[in-house]
Amino acid sequence: MKKIDYHKELNPAQLKAVESIYGPHLVIAGAGSGKTRVLVHRVAYLVEQGIRPEHILLLTFTRRAAEEMLRRASMLLDERCKNVSGGTFHSFANMILRKYARFLGLNNNFTILDQADAEDAVNLVRTQLGFHKSEKRFPRKHAILEVISKSVNKSEDIGDVLYDEYPQFMEFDQEIKKIGDEYRKYKIQKSLLDYDDLLVYLKNLLTKHEDVRAGLSAKYKYIMVDEYQDTNKLQAHIACLLAADHANIMVVGDDAQSIYSFRGANFKNIIDFPGIFKGTKIITLEENYRSTQPILNLTNAVIAQAREKFEKSLYTKKKDGSIPVFVDCPDENAQSVFVADKILELREEGVGLKDIAVLFRSGWHSNDLEVELAGRNIPFAKYGGQKFVEASHIKDLMSYLRVAYNPADQVSWLRALLLIPKIGPKTAAKIIQAIADKDKPEELMQKNAELRKLFELLKGVDGQTGSPARIIEKFLGYYQPLLKIKYDDFNKRLNDLDSLLRIAERYKTVEQFLVDMALEPPERALVEAAKQDRSDHPLTLSTIHSAKGLEWHTVFLIYVAEGHLPSYLSLETEDEIEEERRLFYVASTRAKVNLFLLKPHIDRSPRSFMDGGGSVFTQVSRFLEQGNLLNKFVDVQSAGSPDELDDLGLEDILGEKSKRNKVFFESIEDYFRDEKQ
């Protein structure tokens, strides 16, 4: 039988983590320190020690990550590793709830609502309650769902969420609570669960049914949780409940990379873990295999300023390398020109576009750069934008599949019916009521050929055991004429429908296809990339949030300025500022060889105009100024010729000076703007 030489494969800290079997363990894995390697080898080690694979549970934040880890463990040891239970919290919850649905009064063929469907359901409830007729501007469906979701994920009262994050809606406190209550009842009646429900119902199952919890704890005797710093309160609670009987739980993560509070992630989960499980052994991984030491010197110094943290200092054997470069550009366009020029220069030196990334705090930061890249014929893929399944034409086609699987799904029925000419909301409501009464709207079917065709198609498919690809094929012919009526650019959308069909062909059941499309929807950029020639590797443009876990030879971080990174929207509390610091840290630690930090000297962004100014001078991000890091760890450069305003020496008089000087500055800006025109 194959034996693995763990001492040879791992460094001392990694080996200690891998060989730790019993009791609670917290592994603080610094950026690029081989976190995945530890998890892969620990799976193999546990199996090699004679532990049955089905007793091991590996929880990750993407299904792809779990599958890849188990694949690598199988290659490392043998096929037994593929029998380890691995997946996301939501997919694990989905599996358990379908098995134990009766304990919670659920049907096991429940449909999972994605974000847009959940918003539509909230809007339906809001309308039924009459709150859409409020004399004052009532919150829209997206905001209401966001409040409800944060209340669930943070385990906080809706009133507390409103007070902390949505004070403008405090006057609607009781109405939003009422919508939340009715939304919950509506989902139960229609066999619908949203993302949050999967976790809520699983937690309830574990807390209210001791026999089920004890059984699951006995089955999953060895639990590993990846990216623990990104868990919300519900996920942490679930993990702890599963491990309560045996305490054989290892959570792996990096407090310095906790950046998803907007999704409900709780930074305190990883900080407080040793307090929950007494006697927790903390193992710190500090040897970095990604970046050069000059880059690590900067990132170590940035995170050292953090208010609350586990102490660590990353080091590497790659001692040589260029120090990070800070570039002060005249304006946004000069920033874009510098990036494009440097990318072409790197490509001439043999660095491929796929090995280069431009990262930014907010999606709009790359708008000017995208124009510049397009003008230079530099291909790029942008991440962090719309999900593929959020496109309206994809949701249209998916609605047919959803009602075939769950005829009680009124949200999908409404979408499917409103696509039919001459059917409006009132007629659709009558049809949906007839369906709820287990009847057919015979009179309406006689009057509307498209409606009759829809029911005939649904009668001819099996949503429980049929092939999702074959069902989609049947509805494609029906939907395409409706697509042409609804969308002027229908030709461009046909490719997306083909992509959906190709994705569906990977699945045997409608249930698994719908679950994955709801819980693991593909990014639009990934779908687009799949259509491209394999030899055409694009440059990556990405928000920092979407870049976490990835790495590139060269990274450009743009808009490293106060108000941008940190964002002006995150300056109200210390906790928000600390998360912005971690965002800066995550972005900088993506770089292996080159790190460029850029700032436009003049800010002409929409935010500067909202703040009452035209163009304003920017200040370098506080994360570089604290501890005088620019002078210690960074090569400071200027790009392009100085702006005309710099020659006038106005920078010193702008700042906090009098309104008279500000008016003077703006009049000069207007003058130069008119001159250029």
Side-chain angles (χ1 to χ4, degrees), residues 87-115 117-126 128-129 144-145 148-149 151-158 176-220 232-235 237-242 244 264 402-414 432-433 435-438 463-465 509-512 514-515 518-519:
T88 66
F89 276 94
H90 289 89
S91 64
F92 176 73
N94 173 66
M95 177 187 71
I96 298 299
L97 291 177
R98 290 195 188 275
K99 185 175 180 180
Y100 296 100
R102 67 186 187 281
F103 286 82
L104 298 168
L106 293 171
N107 294 321
N108 61 9
N109 73 328
F110 57 80
T111 298
I112 301 174
L113 297 172
D114 64 15
Q115 177 76 15
D117 290 331
E119 288 179 7
D120 288 343
V122 164
N123 197 47
L124 189 65
V125 170
R126 170 179 174 266
Q128 288 175 347
L129 292 172
I144 297 171
L145 181 64
I148 294 170
S149 180
S151 170
V152 171
N153 282 295
K154 292 188 173 186
S155 302
E156 293 181 2
D157 182 76
I158 281 179
I176 294 175
K177 286 181 180 178
K178 179 67 174 174
I179 291 173
D181 290 339
E182 293 301 315
Y183 173 55
R184 184 166 53 252
K185 294 175 185 175
Y186 173 84
K187 288 180 292 181
I188 292 172
Q189 292 169 359
K190 310 302 179 187
S191 290
L192 304 171
L193 269 67
D194 61 23
Y195 295 157
D196 301 329
D197 292 329
L198 291 170
L199 301 181
V200 169
Y201 279 107
L202 177 56
K203 190 208 76 171
N204 289 343
L205 180 69
L206 297 175
T207 54
K208 296 178 181 178
H209 298 274
E210 175 59 23
D211 52 340
V212 175
R213 188 204 62 76
L216 291 172
S217 188
K219 178 177 182 179
Y220 302 112
N232 60 36
K233 280 189 176 181
L234 274 172
Q235 290 163 328
H237 195 173
I238 288 167
C240 293
L241 285 168
L242 289 171
R402 289 178 182 277
V403 296
Y405 175 71
N406 178 10
D409 185 348
Q410 294 190 359
V411 173
S412 294
W413 267 116
L414 182 62
I432 291 171
Q433 186 58 53
I435 295 167
D437 295 338
K438 303 198 182 302
Q464 297 300 315
T465 61
T509 67
V510 173
E511 177 186 305
Q512 195 56 52
L514 291 177
V515 166
L519 299 184

*Stepwise, does the side chain to side chain contact (heavy atoms under 4.5 Å, CB included) test hold for K233 with H237?*
CA-CA 6 Å; K233 280 189 176 181; H237 195 173; over 6 Å; no
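- Here L241 contributes atom CG and L216 contributes atom CG; the two are 10.5 Å apart, rounded to the nearest 0.5 Å.
- The distance from atom CE of M95 to atom CG of L198, rounded to the nearest 0.5 Å, is 12.5 Å.
- Atom CD1 in I158 sits 7.0 Å away from atom CG in D181 (nearest 0.5 Å).
- At a threshold of 4.5 Å between non-hydrogen side-chain atoms, the residues L124 and Q128 count as touching.
- Of all the heavy atoms in V152 and D196, the pair that sits closest is CG1-CB, 3.7 Å.
- Not a single donor-acceptor pair under 3.5 Å links the side chain of S217 to the backbone N or O of R213.
- Shown are N107, T111, N108; of these, the side chain to side chain donor-acceptor pair (under 3.5 Å) with S191 is made only by N107.
- In terms of modelled atom types and a separation under 3.5 Å, the side chain of H209 and the main chain of F103 share a donor-acceptor contact.
- The line from CD1 of I435 to CD of Q433 is 10.0 Å long, rounded to the nearest 0.5 Å.
- Neither side chain, N109 nor N406, offers a donor N or O lying under 3.5 Å from an acceptor on the other.
- The closest side-chain heavy-atom distance from D197 to F110 is not below 4.5 Å.
- When atom types are taken as modelled, the side chain of R126 and the backbone of I176 share no donor-acceptor pair closer than 3.5 angstrom.
- Residues N232 and F89 have side chains not in contact (no heavy-atom distance under 4.5 Å, counting atoms from C-beta outward).
- A 6.0 Å sphere centred on NZ of K178 holds no more than 12 heavy atoms belonging to other residues, nucleotides or ligands.
- Side-chain atoms of R98 and N94 form a donor-acceptor pair, as typed in the model, at a separation below 3.5 Å.
- Atoms CG and CD1, on N123 and I144 in that order, are 7.5 Å from each other to the nearest 0.5 Å.
- Proximity of H90 to L199: side-chain heavy atoms (C-beta onward) are separated by under 4.5 Å at one or more points.
- Counting heavy atoms from C-beta outward, N204 and V200 have side chains that approach closer than 4.5 Å.
- Checked by atom type and distance alone, the side chain of W413 pairs as donor or acceptor with a backbone atom of P407 at under 3.5 Å.
- Counting heavy atoms from C-beta on, the side chains of L106 and L193 come closer than 4.5 Å.
- Side-chain contact between D117 and R402 is present, with at least one heavy-atom pair separated by less than 4.5 Å.
- No side-chain heavy atom of L514 sits under 4.5 Å from any side-chain heavy atom of I112.
- Closest approach of Y405 to G463, counting heavy atoms only: CD1-O, 3.3 Å.
- For the atom pair L113 CG and K190 NZ, the distance stands at 12.5 Å (nearest 0.5 Å).
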